[in-house]
Trainee: 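Here it is: the structure, laid out below.
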Protein chains: 2
Amino acid sequence: MSLPPATGPDGPAAVADAPSDGDRPVRPVPEATVSRLAVYLRVLGELREAGVETVSSEELAGASGVNSAKLRKDLSYLGSYGVRGVGYDVASLQGRLQGELGMDHRQAVALVGVGNLGHALAGYAGFAGRGFPVSALFDVDDDLVGIDINGIRVRHVRDIPEVCAGGGVTIGMIATPGPAAQAVCDLLVQGGVQSILNFAPVLLQVPEDVEVRKVDLSVELQVLAFHVARRHGADGQAPGARAGSETNGSVVSPR
Amino acid sequence: MSLPPATGPDGPAAVADAPSDGDRPVRPVPEATVSRLAVYLRVLGELREAGVETVSSEELAGASGVNSAKLRKDLSYLGSYGVRGVGYDVASLQGRLQGELGMDHRQAVALVGVGNLGHALAGYAGFAGRGFPVSALFDVDDDLVGIDINGIRVRHVRDIPEVCAGGGVTIGMIATPGPAAQAVCDLLVQGGVQSILNFAPVLLQVPEDVEVRKVDLSVELQVLAFHVARRHGADGQAPGARAGSETNGSVVSPR
DNA sequence: AGGTGTGAAATCTTTCACAGCA
DNA sequence: TGCTGTGAAAGATTTCACACCT
């Protein structure tokens, strides 16, 4: 059970201005591409576990829900990692993507708010399994502070700055009720966290150098509802074809 | 605590081919616009509760995390609802959006998988509050089947087709482990569900007329990790300015 | 003045289609 | 022969900037 990709149709600019780093080819890597790279990485992991050593763009794309041209273009931003006439080496491409997605440095994740949703997130095996072990938990509720969830002790939100700064937390997740989110966000920023995944239905104000991604389930449902409503307008699709497939956080265009 | 918008950078086509409905101006409404409409709707609700009667595009946009030009363009797809020199009437714009987003017909939601995440989703107040009451719960686990969550009895997945068809379920949410997702999806489709929100990290195969949106938390985290890794390359941003704001499921470009 | 609605320009993404290496 | 890598075309989205109503 994974959760949400920023339903994300949008995204202001691409990775934009990455200040001319230094020497490597450091191509821009479009924002749209980044989220797909994460998907390819998951699929590569599955392929590898299945013992597959090589994949063609066609196969990898199919398993990822995109078309092969897009996949090849996406990978091309990282440089040439395939072999013409053959395909990609699963292991090495996986390694390349892990590096690109920052999976070589360990990412320590802090989760604030262990109520309903937060508790579920804390216990979500998919995180640890994918290299994002939740290493710190916080809440304001005295009934929750002090308990252990999956071996992690829940601490009071007032300790956020200290624990995050001291523990090298790079990513913060906010799963508190809306009204508490901004204050929690400020504490995370104080602790040096520059990347935040926000589940609260509010707009967070942050300094320029902090990145926030928002995950809003009701928005997802409303987008679905919109299409439900649309279908009632006129459809008359002969229930013929089958094979459809989903697309990342986006709608499967019922072309 | 809301959840995820399909991390969504993507989205094949716009609402595309809506077969010439009949008479109204039924404009295309770009897919990217749809998810923002949901955000505006939430903000309008807050404004209304606060007693605000009129908003300018500048204000509504600010509170929604977009710029005013985008907001005006988005609203223009629905027709003219503002008054020049004044702004928009909160109540009537809210009504218009609700209609457009299918919030006038009641949307019955079925949730499959009440484990860790599913349980949290079932109890998420934001759903009912935003017009998406979860009206049916399913699981395969005999220890869960039969219990009540928020007043809803958990039923066995085998009953999905019957319950969905009989209960007029329009939206299904899948919060099962990956391996079970496809089978569950097939059952939902059998029950006539045409809109599915998938939290399982797998690509669902569905008939053409069924829409799937996927929400993948690990993808979100990896996108954040990517940017964390980027920052280590070169940044040298003077920690000057403050006021940033998040953008829907997308990255706040640290321009 | 003040603020909406909207062509037209600028961007970002996706798709085509094919040259070129294995 | 098979499949990658990629310019160039096509599309979608965002941003400009300004005419036009109140």
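Residue numbers begin at 1 in each chain, while the letters A, B, ... track the order of the sequences. Heavy atoms only: backbone and side chains are in, while hydrogens, waters and symmetry mates are out.
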Trainee: Take the protein atom CZ of R72(B) and the nucleotide atom P of dC21(D), then report the distance between them rounded to whole Å.
Mentor: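 Atom CZ in R72(B) sits about 16 Å away from atom P in dC21(D).
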Trainee: Taking CD from E58(A) and P from dG2(D), how many angstroms apart are they, rounded to a whole number?
Mentor: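 Rounded to the whole Å, the gap is 13 Å.
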Trainee: How close or far is atom P of dA12(D) from atom CG of D74(B), stated in whole angstroms?
Mentor: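 So the CG-P distance, D74(B) to dA12(D), works out to 16 Å.
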Trainee: Less than 4.0 angstrom between a side-chain N/O of Y88(B) and OP1 or OP2 of dG5(C), yes or no?
Mentor: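 For Y88(B), the contact criterion (side-chain N or O under 4.0 Å from OP1 or OP2 of dG5(C)) is met.
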Trainee: According to side-chain contact (heavy atoms from CB on, under 4.5 Å), who are the partners of Q94(A), at least two apart in sequence or on a separate chain?
Mentor: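 Partners of Q94(A) by the side-chain contact (heavy atoms from CB on, under 4.5 Å) criterion, ordered by chain and then number, come out as L41(A), L44(A), R48(A), Q98(A).
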Trainee: For Y77(A) and dT4(D), what is the distance between atoms OH and P respectively, to the nearest whole Å?
Mentor: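 From Y77(A) OH to dT4(D) P: 17 Å.
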Trainee: Nearest-nucleotide wise, let me know which of V86(A) and K73(A) is further upstream toward the 5' end of DNA chain D.
Mentor: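 Whichever sits nearer the 5' end wins; that is V86(A).
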Trainee: Of all the choices, dT13(D), dT14(C), dT15(D), which nucleotide is nearest to the side chain of A32(B) once you look at every atom?
Mentor: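 Shortest atom-to-atom distance from the side chain points to dT13(D).
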Trainee: So, OP1 or OP2 of dC3(D): does either fall under 4.0 Å of a side-chain N or O from S56(A)?
Mentor: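 The answer is no; no side-chain N or O of S56(A) sits under 4.0 Å from OP1 or OP2.
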Trainee: Between dT22(D), dT6(D), dT4(C), spot the one nearest the side chain of V83(B), thanks.
Mentor: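 It is dT22(D).
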Trainee: Classify the side-chain pair H227(A)/E31(B) by whether it contains a donor and acceptor separated by less than 3.5 Å.
Mentor: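 The criterion, which ignores hydrogens and geometry beyond distance, is satisfied for E31(B) and H227(A).
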Trainee: Can you measure L93(B) atom CG to dG3(C) atom C1' for me and round it to whole angstrom units?
Mentor: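 After rounding, the reported distance stands at 15 Å.
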Trainee: Can a donor-acceptor pair be found, under 3.5 Å and without considering hydrogens, that links the side chain of E49(A) to the backbone of E46(A)?
Mentor: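 Looks like no, no N/O pair under 3.5 Å.
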Trainee: Among dT14(C), dT13(D), dA17(D), find the nucleotide with the atom closest to the side chain of E31(B).
Mentor: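 Comparing dT14(C), dT13(D), dA17(D) against the side chain of E31(B), the answer is dT13(D).
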Trainee: Using OP1 and OP2 only, check whether a side-chain N or O of S57(B) sits under 4.0 Å from dG3(C).
Mentor: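 No.
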Trainee: Nearest whole Å is fine: how far is dA17(D) C1' from K70(B) NZ?
Mentor: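 It works out to 17 Å between those atoms.
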Trainee: Check whether the side chain of R84(B) and the base of dT4(C) form a donor-acceptor pair under 3.5 Å.
Mentor: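 Per atom types, the contact qualifies.
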Trainee: For R213(B) and V223(A), what are the C-alpha separation, side-chain angles and deciding distance, and is it a side chain to side chain contact (heavy atoms under 4.5 Å, CB included)?
Mentor: CA-CA 9 Å; R213(B) 285 182 74 84; V223(A) 172; 3.3 Å; yes
Trainee: Taking only the side-chain nitrogens and oxygens of N67(A), find out if one of them lies under 4.0 Å from OP1 or OP2 of dT14(C).
Mentor: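 Result: no.
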Trainee: The criterion is side-chain contact (heavy atoms from CB on, under 4.5 Å); which residues satisfy it with D104(B), sequence neighbours excluded?
Mentor: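 With sequence neighbours excluded, D104(B) shows a side-chain contact (heavy atoms from CB on, under 4.5 Å) to no residue whatsoever.
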Trainee: Starting at the 5' end of DNA chain C, which residue's closest nucleotide do you reach first, A69(A) or G85(A)?
Mentor: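 Its nearest nucleotide being more 5', the pick is A69(A).
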Trainee: Please report, rounded to the nearest Å, how far the C1' atom of dT4(D) is from the CZ atom of R96(A).
Mentor: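 To the nearest whole Å, that distance equals 16 Å.
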Trainee: Distance check needed: dG5(C) C1' versus L75(B) CG, whole Å only.
Mentor: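 So the two atoms are 10 Å apart, to the nearest Å.
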